[in-house]
Q: 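For reference, the structure I am asking about is given below.
Start at 1 with the first residue, then count along the sequence.
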Amino acid sequence: MTDRRITYTLDAGNFFCGRLTLAEADHPHRAPLLVLAHGAANTMDHPLLVALARGLAASGVSCLRFNFPYSEAGRSKPDAQVLLEAAWHEVLAGIKTETSLAPQWVVAAGKSMGGRIASQMAATGHLPADGLIFYGYPLHLPGRLHELRDAHLDSIPVPMLFFAGTRDPFCRIELMRQVVERLGRRATLVEIEGGDHSFALPGARTDLQKDTYTRLFTESVAWLNALAPRAPKAP
């Protein structure tokens, strides 16, 4: 499995890194590409994101995950919205200039905050992607169930896949069901029974956690298969 480090530089002098895991396919550089951003309190090396990248690559989908500038610098406080969006812009623009990549199509994905930023950009037409996948969408802050971050989702024209743990304090599952139902055929919800915001299970054994990660990338690939006719076969 090919895993390559990429460095990005922003105009403000901020730099950050990404890691490209190429698909295990006959023509890996032309395989579909999923771009994956991390959540507010972690980095691209979070076990969930690493497992997703490896599982997707084994199923024929290349995965490019990246750090935001603040996490690259080792800071805990997330960057301002404008800088988070600039990082997304830089990564997506780099796909076009990366001579080793010519993906069939590109899907933007994110863990929590990484997905939320992508969704806000997509809603305003500033995220060129063929679809969106959310691994733990932060629908609301814990306990603030009447302050939902969902209004902009109606403006997203591309298909969306939401993964939600039933114990996620950032996403009351009943409310997420209502949002997905409102979005109609553009949206699909996959519920992870017992999963928290990072899909960890209560008192889970290592083998059960591995099964959860396997389900995440398996369901992702199945959805990607339906998204594009040239997508890889689900495992």
Q: Is the number of heavy atoms from other residues, nucleotides or ligands within 6.0 Å of CG (Asp207) greater than 12?
A: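 Correct, the count exceeds 12.
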
Q: Looking only at non-hydrogen atoms, find the nearest pair between Glu193 and Leu201 and report the distance.
A: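 The answer is O-CD2, 3.6 Å.
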
Q: Is it the case that atom CZ in Arg167 sees more than 12 heavy atoms from other parts of the structure closer than 6.0 Å?
A: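 Enclosed: over 12 neighbouring heavy atoms sit under 6.0 Å from CZ of Arg167.
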
Q: Find out if a path of hydrophobic residues (ILVMFWY) with successive side-chain heavy-atom gaps under 4.5 Å connects Leu145 to Val180.
A: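 Same cluster: Leu145 reaches Val180 through Ile, Leu, Val, Met, Phe, Trp or Tyr contacts under 4.5 Å.
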
Q: Ignoring hydrogens, what is the shortest heavy-atom contact between Pro78 and Ala40? Give both atom names and the distance.
A: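 For Pro78 and Ala40, the tightest heavy-atom pair comes out as CG-CB, 4.0 Å.
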
Q: Do the non-hydrogen side-chain atoms of Leu101 and Leu20 ever get within less than 4.5 Å of each other?
A: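 Counting from C-beta outward, Leu101 and Leu20 do come under 4.5 Å.
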
Q: Under 4.0 Å between a side-chain nitrogen and a carboxylate oxygen: does that hold for Asp3 and Arg54?
A: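 Arg54 and Asp3: not salt-bridged.
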
Q: Between Ser119 (side chain) and Arg116 (backbone), is there a donor-acceptor pair under 3.5 Å?
A: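 Side chain of Ser119 to backbone of Arg116, a donor-acceptor pair under 3.5 Å: yes, one is there.
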
Q: Report yes if some heavy atom in the side chain of Tyr8 is under 4.5 Å from a heavy atom in the side chain of Val91; otherwise report no.
A: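 Sidechains of Val91 and Tyr8: in contact.
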
Q: What I want to check is whether the side chains of Gln120 and Glu85 have a donor and an acceptor closer together than 3.5 Å.
A: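 There is no such pair (donor and acceptor under 3.5 Å, judged by atom type) between the side chains of Gln120 and Glu85.
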
Q: So, are Arg186 and Glu181 salt-bridged, with charged N and O less than 4.0 Å apart?
A: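 No, no charged N to carboxylate O under 4.0 Å.
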
Q: I'd like to know if Leu34 and Val190 are part of one continuous hydrophobic network [Ile/Leu/Val/Met/Phe/Trp/Tyr, side-chain heavy atoms within less than 4.5 Å].
A: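 Yes, Val190 and Leu34 fall within the same hydrophobic cluster.
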
Q: Kindly state whether the ring of Phe68 and the ring of Phe66 have centres lying under 6.0 angstrom apart.
A: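 Between Phe68 and Phe66, the centre distance is under 6.0 Å.
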
Q: Would you name the heavy atoms of Ala25 and Pro28 that are closest together and state the gap between them?
A: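 Answer, listing the atom of Ala25 first, then Pro28: O-CD, 3.3 Å.
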
Q: Hey, what's the ring geometry for His152 with Tyr137, parallel, tilted or perpendicular (30° and 60° as the breaks)?
A: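 Rings of His152 and Tyr137: tilted, as their planes differ by 30° to 60°.
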
Q: How far apart are the C-alpha atoms of Gln104 and Leu33, what are their side-chain angles, what is the distance that settles it, and do they pass the side-chain contact (heavy atoms from CB on, under 4.5 Å) test?
A: CA-CA 8 Å; Gln104 299 170 9; Leu33 176 66; over 6 Å; no

Q: Salt bridge between Glu191 and Arg177, side-chain N to carboxylate O under 4.0 Å?
A: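 Salt bridge between Glu191 and Arg177, a charged N being under 4.0 Å from a carboxylate O: yes.
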
Q: With the 4.5 Å side-chain cut-off for hydrophobic clustering, are Tyr70 and Leu10 part of the same group?
A: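 Shared cluster, yes.
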
Q: Measuring centre to centre across the rings, with the benzene-like ring taken for any Trp, is His140 within less than 6.0 Å of Phe170?
A: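 His140 vs Phe170: aromatic centres not under 6.0 Å.
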
Q: Honestly curious: do Leu161 and Leu36 fall in one hydrophobic cluster under the side-chain, below-4.5 Å linking rule?
A: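 Hydrophobic grouping puts Leu161 with Leu36.
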
Q: Would you give the length of the straight line joining atom CG of Leu183 to atom CD1 of Ile156, rounded to the nearest 0.5 angstrom?
A: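 If we round to the nearest 0.5 Å, Leu183:CG and Ile156:CD1 are 8.0 Å apart.
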
Q: Would a 4.5 Å heavy-atom cut-off, applied to side chains only, mark Trp88 and Val35 as touching?
A: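 In short, these two side chains touch, coming nearer than 4.5 Å.
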
Q: Got a donor-acceptor contact below 3.5 angstrom from the Tyr213 side chain to the Phe199 backbone?
A: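 The answer is no, because no donor-acceptor pair under 3.5 Å joins these two groups.
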
Q: Counting N and O atoms only, with roles assigned by atom type, does the side chain of Ser220 sit under 3.5 Å from a partner on the main chain of Leu216, one being a donor and the other an acceptor?
A: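 Confirmed, Ser220 side chain pairs with Leu216 backbone.
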
Q: Where the side chain of Glu72 meets the backbone of Cys17, is there a donor-acceptor pair that is under 3.5 Å apart?
A: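 Side chain of Glu72 to backbone of Cys17, a donor-acceptor pair under 3.5 Å: yes, one is there.
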
Q: Hey, does Leu64 have a side-chain heavy atom less than 4.5 Å from the side chain of Arg19?
A: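 Arg19 does not reach Leu64 side chain to side chain.
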
Q: Does any part of the side chain of Pro103, heavy atoms only, come nearer than 4.5 Å to the side chain of Ile95, both counted from C-beta?
A: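 The answer is yes; the side chains approach within 4.5 Å.
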
Q: Would you give the length of the straight line joining atom OG1 of Thr166 to atom CZ of Arg172, rounded to the nearest 0.5 angstrom?
A: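 If I round to the nearest 0.5 Å, the distance is 11.5 Å.
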
Q: For the residue pair Val107 and Ile133, establish whether any side-chain heavy-atom pair is separated by less than 4.5 Å.
A: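 Side chain of Val107 against side chain of Ile133, heavy atoms only: contact under 4.5 Å found.
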
Q: May I ask you to test the Phe15-Thr7 pair for a side-chain heavy-atom distance under 4.5 Å?
A: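 Yes, close enough: below the 4.5 Å cut-off.
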
Q: For Met44, does its backbone N or O pair with a side-chain atom of Lys111 as donor and acceptor, under 3.5 Å?
A: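 Looks like no, no N/O pair under 3.5 Å.
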
Q: Test your reading of the model: is there a side-chain donor-acceptor pair from His89 to the backbone of Ala87, 3.5 Å cut-off?
A: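 Not a single qualifying donor-acceptor pair exists.
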
Q: Kindly give the heavy-atom pair with the smallest separation between Gly131 and Leu227, and that separation in Å.
A: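 Result for this residue pair: CA-CD2, 4.5 Å.
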
Q: Parallel, tilted or perpendicular: which describes the rings of Tyr135 and Phe163, with under 30° parallel and over 60° perpendicular?
A: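 Because their plane-to-plane angle is under 30°, the rings of Tyr135 and Phe163 count as parallel.
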
Q: Would you say the side-chain atoms of Asp168 pair up with the backbone N or O of Asp196, donor to acceptor, closer than 3.5 Å?
A: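 Answer holds: no.
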
Q: If we only count heavy atoms from C-beta on, is the Phe162 to Met176 side-chain gap below 4.5 Å?
A: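 The answer is yes, as the side chains (C-beta and beyond) meet within the 4.5 Å cut-off.
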
Q: Verify, without hydrogens or angle tests, whether Thr43 (side chain) and Asp45 (backbone) share a donor-acceptor contact under 3.5 angstrom.
A: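 Side chain of Thr43 to backbone of Asp45: a pair is present.
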
Q: Does one hydrophobic cluster hold both Val50 and Phe16, with members joined at side-chain heavy-atom distances below 4.5 Å?
A: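 No, Val50 does not connect to Phe16 through the hydrophobic network.
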
